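The shown structure was predicted, so the numbers you read here are calculated from the model rather than taken from an experiment. Side chains included, hydrogens not; waters and symmetry mates left out as well; all remaining heavy atoms used.
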Amino acid sequence: MKQLRVNTITNAIKTVDASATGHSDPTTKTVVVETESPESAIKTAIAQVGYPAS
């Protein structure tokens with residue numbers, strides 16, 4: 001995953017939960033997020049920046 005995509009997704013997640021942590025795997029194109037926020041809120045935030053969750 002290119003750094004720009006990672007930054008975009010990270011920033012989207014941080015709008016929902018500023019203390020969220022996570023990591024990405026460019027090989028599998030996955031992002032793992034640890035947060036107290038509902039999964040649906042995180043998925044919505046990521047989708048709003050152009051990367052819908054599957």
For Lys43 and Pro52, indicate whether the former's side chain and the latter's backbone hold a donor-acceptor pair under 3.5 Å.
-> no
Taking only residues two or more places apart in sequence or in another chain, which ones pass side-chain contact (heavy atoms from CB on, under 4.5 Å) with Ser19?
-> Asp17
Mind listing the closest non-hydrogen atom pair of Tyr51 and Ile46 along with its distance?
-> O-CG2, 2.8 Å
Partners of Glu36 by side-chain hydrogen bond (donor to acceptor under 3.5 Å, both in side chains), sequence neighbours excluded?
-> none
Please name the pair of heavy atoms, one in Asp25 and one in Thr27, separated by the smallest distance, quoted to 0.1 Å.
-> OD1-N, 2.9 Å
Side chains of Thr35 and Ile42: closer than 4.5 Å at any heavy-atom pair?
-> yes
